[in-house]
Each structure stands twice: as structure tokens, then as C-alpha cells.
Amino acid sequence: MAVSRRVFVASAVVLAATGGTTAPALAVPPDPRRSRIPVGPGDSPEDLVRKASQVRPTAGQITWQRLERTAFLHFGVNTFTGLEWGTGDEDPDVFQPVGLDTDQWARALRDGGFKLAILTVKHHDGFVLYPSRYTGHTVESSNWRDGRGDVLRDFADSMRRHGIKVGVYISPADENQYLHGVYANGSARADRGVPTLVDGDDRTPPRSYTLPATDYGAHMLNQLYEVLTEYGPVDEVWFDGAQGHIPPDKVEKYDWDSWYTLVRSLAPDAVVAVTGPDVRWVGNEGGLAREDEWSVVPVQEKDYGRTDYALSYDAPDMGSRDALAAAQPVADYLQWWPAECDVSIRDGWFYHADQEPKTVEQLTDIYFRSVGRNSVLLLNIPPDTDGLLPAADVTRLREFRERIDRELPEDLAHGARTSSSPGRVTVDLGRERAVDRVRLAEDIRYGQQVESFVVEAYRDGGWREAARAGVVGAGRILLLPGAVRARRWRVRVTGARGTVRIAEFGLYRSRV
């Protein structure tokens, strides 16, 4: 089956060729019950490795990992005040994107190769980019568009019109609700009805929910209900763990379990990131994954069901055998929790006129150290005060996509004869070709198994090592130090946790 330029193969104990060029259809449906497996103090090191080999992603996680590049759009009152973290008492009239053109955003993102975009529907200041029923700190309170503006509506419609999936970021922190006595007011968790109808509310919800929450937790539930029922399907719901700028004795303990339950019900196809059970933060804001980035990592459950790191969020090793053993005293589960690498195209997350976008070289390096290391790149491109993506950023996005297309042009292994034997796949290109990029992927429907591998080229009468590395996962890209000319190439797995199934073995000659 050939449906794109990449060569994909699959295996049982051996790695048997199937001849496809994108990840095969889900003939083996993922089992969400296997996305996390309990561990305990009685598990031996061998038990931990065996359990790690049995963890499987959900269908939603598989779909998300195939996106490779997603976009972030930080936009709100901070765009106009020059702040990165707002205060919550901004005059809504400061929000004046008089040239707002979300179709321009969508075209730029599409042309830049992005497949999903996340909008900051609410940042820490609490200003909401749609007319919410539950706060006055919204676009409706601004005289922009005579109070009838709805950035979320424009955003969602434009993205879908241009074939881009929709994501939403709703900050748990809320400086405005703190000022109004709702956030961190010390209220107890109690059963709350969602949605909570207000005066003049003409909704007839097809389904309502009763979920435990604080006063502020209920406020968030109602806003989530609005966003997830009135703006079409959502593919990623993005939370962070930010707390407001408040006294330490007034910390709001977030109702994660209730928020997750509502998202799962209203947006069953969405992944919940980054303070969420489906996607984890890689641990830095530079867009850089670890050299060996595991999707199966030890976790602990905290604070009303929040999935948290068993090791430090910035630990240099999140999932090796040593890491599994180190985390055992505190780990509750081994979980499929793949990494998202967030970084801004500019120094700040919101637009600042005195900043310039990163160079193509910087973005390309980030790509290979995120997408090329079993992670998804989340690149922030902040709209300016006119409501447009800056021209320099739009140009840079196009240049970035073109650069990656030149770095990874047509797969030389497409249509090549492929053979297999235990622990290896061999590709015959038909004639000697120069190769300086190698792309590998496991069939992650069966988990992440590869711990180490070697790529070899047949030259001068024998197999010569061209590169070696550790994990593979959903995708690994190796940059060879120089072009290697050979007709026959192979990948040889030298360490694995279980049965290895290679889904992609691509060979490229860059045109840079």
C-alpha cells in the first residue's frame, strides 16, 4: 500500500516489510485501558521493563503524535499592554485588533506546514476571547466591534476552512476572578451543576453534569462547557499548572478530575495537554526534546487526578530502565505520556514590536531536536496589535517549511526492495545513492520498544556503521555527519524491551 513518499514496514519478532508509505490503518485498535499500567514497590526491574513494553497509546494519542508540527497563538489584552502575564484589571477597551483576519492566520499556518493550532482563549489575566456568560472580562465588554466581536468564533471557523484542527488553551490561573473573590476564595469542593444557567440564558442543554468543584472550579467547568459545545469539535485542550499572583496561603487547588471528565465527555477525540493525561510538557520552553525521549514514562497521580511526573519535569532521562527504577518509590503508573515541545518564534509569547522572529537555521535545529526526537513541536506565533500575524513571521514560517522540505526531500527508499531478518530491515535502492538523513518510526500501536539501534550501509564488501542512536518511538531523524554512498542500507536493532515493529525506514539526501 503506497499513499505517500515514505516507506513503512512492520514486524513481529522479525521486522517484516509491508510496503506502505504512511502509518498503516489501525487494524489493531488501541486499547485505552492499556495506556497506563499500575506499578508498585514489589515490582522487580524486570517487571518494570515488561510492564513498560505493554503500555499502548490511545487512538487520540496516535493521531496527535502524527501531527508533528502544531501552532500556538498567544493573543489577548497582553498583546496591547506589552505584558507577558496580565493583571486581571485591564480596561477591556484596550483590546482593539481592528484589522483582525483569522483567515490570514490560517493561510500562514497552512503554508507553514501546521496541522493544528491552539488559541489562548483565556490567559492568566482572565480576559476571554469570546462572549462568556460567566465573566465581564471579555471581548463583549470591549468597544471593539461594538462589543459583538468573538475571536474564538473567527479562529475556529478560519482554521477549519483551511484544513487545520482546532485547539484551545484555557489557563487555570485567573487574575480577574481573584479580584472578584472567586479564584482561591477558600471554598470547599461540592457537587456543582454544569452548565449553570444565568439570567436570560436560553440554552436547553441536551446533557447536564454534576461534578465536584470549588467556586472557581465550577467557573472553569462552565467556561469549558461553553467552549466545547458552541464552537465545533476541538482536538486539543491545553492546560498548564500556573497559579495566580496571589498570597501563598490562598492557592487554588484545581479540580482536575472534574475538568478532565467534562472534556472527555464533550470532546472525546481531544487530547488533554500539558497538565493533562494525554500529553506532557517536555520540560523546557526552548522546543528541545531529550536525545532519547520516551513516550512511556513513570507518573504519579496528585491533586484530584492530575497526572504528574514521578521524576522531575526536567530530568535528563524520563523513561530508560534506570529511570523506571529510580522512579519506582513514588510512581503509581507507567503511562503513555508523549512529549510536546513548546517554543515561541519570538523571544516573548505575546507580540512585542521590538522583537524579531527566529532564523530559519534556529527553527530547523529546533525541528530536528523535537520532531526528530519522538516529540511534537508546538511553535508559538503571536498575532500583533492589528490582529494579524506579522509579515516577517509569515515569511519565516514559509521559509521554515521550505527548508524542511529541502532537508527531507523525496524518500530514496520509496518503492525500493525491502527484506527482513530477526532484528533488522534491509533496503536495496537498486543503485548506489548518497544519503545524509535517516528517518525511522515504530508502529506505536504496539508500544515503544526500541532501546538502541544501528544504521549501516553496505560498502567495500561489508556492512559499515553510518549512525547509531537510542530510542525511536513515533519518529526519529538522524543527521549523518556527511553523505554516505551505498546501494544497500539496513537498520539493526541492538536493544529492545519487546517485539519490535518498525513502521518507517526512510533514506534522504538533503538539498540544503
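Keep in mind it's a predicted model, so treat the numbers as computed, not measured.
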Completion exercise
The complete set of side-chain hydrogen bond (donor to acceptor under 3.5 Å, both in side chains) pairs with one or both residues in residues 162-174, sequence neighbours excluded, reads K122-D174, H124-S171, Y169-D240
Handout entry: side-chain hydrogen bond (donor to acceptor under 3.5 Å, both in side chains) partners of residues 149-158, not counting sequence neighbours, each pair once
Key = T102-S158, D103-S158, R145-D154, D150-Y231, S158-R161
List for me each residue that meets side chain to side chain donor-acceptor pair (under 3.5 Å) alongside [X], sequence neighbours excluded, and say none if there are none.
X	answer
W337	none
R69	none
E226	Y130, S132, R133
E407	R403, R437

Exercise for the section: Please confirm whether the backbone N or O of P205 pairs with a side-chain atom of S208, one donor and one acceptor, at under 3.5 Å? Expected result: no
Going by ring-ring contact (aromatic ring centres under 6.0 Å, His included), name the residues that satisfy it together with [X], two or more places apart in sequence or in a different chain.
X	value
Y183	Y216
H245	W85
F400	none
F75	F95, W105

Practice task
Please work out which of the three classes, parallel, tilted or perpendicular, describes the rings of F239 and W256, given edges at 30° and 60°.
Solution key: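 Because their plane-to-plane angle is over 60°, the rings of W256 and F239 count as perpendicular.
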Practice task
List the atom of L73, the atom of I381, and the distance in Å for their closest heavy-atom pair.
Solution key: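 In terms of heavy atoms, the two residues are closest at CD2-O, 3.1 Å.
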Exercise for the section: Sort and list the pairs that fulfil salt bridge (Lys or Arg N to Asp or Glu O under 4.0 Å) and have at least one residue in residues 374-390, not counting sequence neighbours. Expected result: none
Problem - D215 bridged to R192 by N-O distance under 4.0 Å - result: yes
Completion exercise
The side chain to side chain contact (heavy atoms under 4.5 Å, CB included) partner of Y134 among V128, L221, V198 is V198
Problem - Residue list, salt bridge (Lys or Arg N to Asp or Glu O under 4.0 Å) with R189, at least two apart or on another chain - result: D255, D257
